> 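Got a structure for you, questions after.
Note that these values count all heavy atoms, side chains included, but never hydrogens, waters or copies made by symmetry. Everything numeric here is computed off the predicted structure, so don't read it as measured data. Naming: A, B, ... by sequence-line order, numbering from 1 per chain.
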Amino acid sequence: MAEVEETLKRIQGQKGVQGIIVANSEGIPIKSTLDNSSTVQYAGLIHQLVMKARSTIRDIDPQNDLTFMRVRSKKNEIMIAPDKDFFLIVIQNPSD
Amino acid sequence: MAPKRQKSPSRKTGVKGKVKDNLTPSPMEKPDHPDDIYPIVLTTATQELFECCIDEDVTEQSPYKLLEKDDIIQDIKTRAAVSDFHPVKQFVLDYPEDEILLVFDVDFTYGQSFYLVLTPEAKARIYNVLQPPQPEIIVLEDDVSKTPEPKPWISLGSELEVDQESVKETREKLCYKFDLKRRPGLPVCFSDRNSTEAECRSVACPSYQDSRFSIKQMQRDCGMQAVPKLQSSTAQTERAVQRNVFTQYEPRELREKEKENILRSEKLKKFVNSVTPRVLHALQQAHIMNVFTDDFKALGIGAEASDQLVMVSEGLKLQWTFTDEKRAMGKKISSVSWHPTIHGLIAVTFIKKQEEQLDKSTVYINSPAFIVFYGFPDQSNPRLLLECPDDIFAFEFCPSNPNVIVGGCRNGKDLGNKKENKTPVMSYCAVSSIESSHKSPVTDVQWLPKTFEVTRTGVPVQKISNMSVQVVTCSPDCSVMFWDLRVPKLQNQFLADRKQDVDQKTMMTPYSIPTTFKHLDRTWKPLFRVSLPKIDTSGEYAPLKFSLEHYTCNSNTGRNTDNENDGAEVLPEYSQLRIPSAKTLKTLDDVNTKFYVGTEEGEIVYTDWKLEEDEFGRKFSAKPLLCFRTHAWFVNTMQRSPFFKDILLTTGGWNFAIWKEGVMGGPIFVGPSSEQEYSAACWSLSRSAVFFIGRNDGSIEVWNLLLNTSEPTHVHEHVASTRITCIKPCITASKQHYLAVADNLGVLRVFNVPKALRSPVKNEDLNMQIFFDQENDRLKDYLEWEELWAKPRKEEGESKKQVEPDKPVTFQVDSEEADLKEYSDYLKLEESILEHTGL
């Protein structure tokens, strides 16, 4: 658990990172650095988005799979790293 | 019935003989006729007897005749051997049926004229065969022969019932005869009478129920109908369709234990380890370069970029005009201030106009003065009035507690007001004591920022609580005073006694005045005062405005955040606060204790407020460090730029100047003098290069230092009808920029700042910084040049020029006193130069 914590801290320490959320495959957050309501909202919405994206990729080519997703918006950038059992959401505000 | 017979003698005997002959040879001649056919000869007599006369009864067409068996037997019996039927006697007797068929044989097929059919079968055969051609006769014969015979009665027992049912007379009918003897010959009268009439007296014998006996009905006829045991019927139920009316969702969450379990699991570790490099890579990418920049936008071709294009068309738009006839009559607005937190609330103070006299204290008209609060959008009725003892020249909202206002009055008193929104008129809470106040109107009041406070000697020390409690005032009585809202420590015991005195005296505490500052009322004394002795000459400067450097505390951030939290929620109880002892607080060395003062004569003085000790241990104020005669007349505005901490804008007389703190040589920029006197100025809150200046003729000049430094970018002519006394900008939460402009007639106008003037240009701050640095350098160069140039000139000894490193400014001086002072200054300067050169 300490390793996990340490790694997450490393990510958190990057410049511009606003928050990190680790959620399980159903979209229920496990660990987060944001407040509860935002966490739950992010996890639920992004879970649906990841499912949709993953099914899209696999529909086009069943041998393929989703490895990473970046959603860029006006105010910040959301990075999603999906996996079989979990997914990691990082919200960054790139300074430019 | 003896049939007629034709007697034919030949035949008679011949017939007999032939009959016999025929009889005996007939069995031999069997092939001629069958067994059941017996040809026979009938004499005429026999024919007549049996009614079968040839050609009369029996013809060719109807050769058949049925003879009665009894008749034949009779005939045989009567005539015995003579009878024609004698040979067939036996056959006739054996004949089973009653009728025997006799056929007239026309063609003599069987040898004789007649033949007798002996068997019923043959009879049937022949009769039926020959029947169709002669149906009528045969039918008639059948009908006749088939008349039904009445059959004998068979009794089945119904005679009894019939007898019972029948009505028989049990006795003979009785017959009565009535006679009425009357004399004959009398007239008779016959009339009709209805028998149903009542007077008829017809006697009827209706049937009645005899109660003596009753007939019990033993049997009754009743009808029965079968009813089915099973009955089918239908019914229909209405099924209500369930429909969701409300749904409420709740997100699923894991419990703590589950979360911990998952966090400890190997899978999560593997996941995090595998995912981290990707994430870091992406984060760094995003940080290094913005892939999604819009180059076109970055060029800056937008509405904000070009000032020139838009500036001309848009200008300040008048939004509201606030006037209050009752209170603004004949007065001018001295000070305007936006409420720091409540949107749309402006506070305005009025002072009475007077002729320009230096001796202000004598003119005193007794009328109540108010701080008037106007709120959007009500343009004529003030929202709130705060009563003051006298006209207020300057006032300020407390930055940490916007309900407290400190104002400086005409006759030098300070007062604290507590503002409440419920009552429309509020009175002031505390007034400083008369002896220790200013002797002339307080022209500037400012709160010390809440980051540090000042002790009795002027040493800045760290603040414990995060509230502003100290006030600085200045007045043309040549002093700057520092005040504290808290209860002074030394006078605690006295205060305790005095409080009781006060209570006993029962000074009628007016209603609804909060007692927040009761501890200060009438006993308020300044912490200390700073005097401004002139640098070169004796006397003192008469400050009109001053400007402190805003200091933000950098150390002990942790402590400060705690204090901030406390300060935000808890309303300060000023009466409970005590001024702490100077020894307990930590001295802040990096606070800049020097400040700028603008005087009545248009000088800008830079001085230190820390009190120094002289040889006797007394505290006195040091001489100011700098003094520059930039303006020709009263300095009416000194304002720090909201973007640069060390840039100061001052206006006075007919020009304005920009100063940089730390630059001792003078103002880094002096604007050109204008024809109109400048009466108010303020920086724009959103653009670092823009500021507004109000003029004596009621116009507002908009200056943009990046565009043009020699003239205003835009002049809004005659925005107000008279001299503008105060301009204050404000940015509200809805991104609206307002400019409050107060004038000499007591009218407050609020303008909407157009987008061009409020949205900053790209890199405006940077450019301004560059501009100021440039000006600074230029000043330095100029000063150096001046020095270099001044020396030989001094050595020449014939310099009556001013050494002051100012750009020459033309000014018109009206007041004699200003003139005199200047002349005296000049004389002194001349003396010093002459001394220097050894004359």
> Does A/Thr67 offer a backbone N or O that forms a donor-acceptor pair with the side chain of B/Arg278 under 3.5 Å?
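Answer holds: yes.
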
> Would B/Asn273 and A/Glu3 count as a side chain to side chain contact (heavy atoms under 4.5 Å, CB included) here? Give the steps.
CA-CA 9 Å; B/Asn273 286 334; A/Glu3 289 176 23; 4.3 Å; yes

> Sort B/Leu268 into side chain, backbone, both or neither according to what part of it lies under 4.5 angstrom from a heavy atom of chain A.
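B/Leu268 touches chain A through backbone and side-chain heavy atoms alike.
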
> Do you know which of B/Glu258, B/Gln284, B/Lys267, B/Arg264 has the most heavy-atom pairs with chain A at a distance under 4.5 angstrom?
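Among B/Glu258, B/Gln284, B/Lys267, B/Arg264, the one with the most close pairs to chain A is B/Lys267.
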
> Is any side-chain heavy atom of A/Asp83 closer than 4.5 Å to a side-chain heavy atom of B/Lys270?
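No, every pair of side-chain atoms sits at 4.5 Å or beyond.
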
> Side chains of B/Val279 and A/Phe68, heavy atoms from C-beta outward: is any pair under 4.5 Å?
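The answer is yes, as the side chains (C-beta and beyond) meet within the 4.5 Å cut-off.
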
> Do you know which two heavy atoms are closest between A/Pro29 and B/Arg252, and how far apart they sit?
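That would be CD-O, 4.4 Å.
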
> Who among A/Gln14, A/Lys31, A/Glu77 has the most heavy-atom pairs with chain B under 4.5 Å?
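Option with the top pair count is A/Gln14.
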
> If you compare all heavy atoms of A/Met79 against all heavy atoms of B/Ala286, which two are closest, and at what distance to 0.1 Å?
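Between these two residues, the closest heavy atoms are CE-CB, 4.3 Å.
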
> Where is the tightest heavy-atom contact between A/Leu88 and B/Phe271, given as atom of each residue plus distance?
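What the structure gives for the nearest pair is N-CZ, 3.5 Å.
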
> Just verifying a value: how many Å separate B/Leu254 CG and A/Glu26 CD, rounded to the nearest 0.5 Å?
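One finds 8.0 Å between CG of B/Leu254 and CD of A/Glu26.
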
> Checking side chain to side chain contact (heavy atoms under 4.5 Å, CB included) for the pair A/Phe86/B/Val272: CA distance, chi angles, key distance, verdict?
CA-CA 9 Å; A/Phe86 304 95; B/Val272 171; over 6 Å; no

> About how many Å separate CD1 of A/Ile30 and CG of B/Leu263, when rounded to the nearest 0.5 Å?
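Spacing of CG (B/Leu263) from CD1 (A/Ile30) equals 6.5 Å.
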
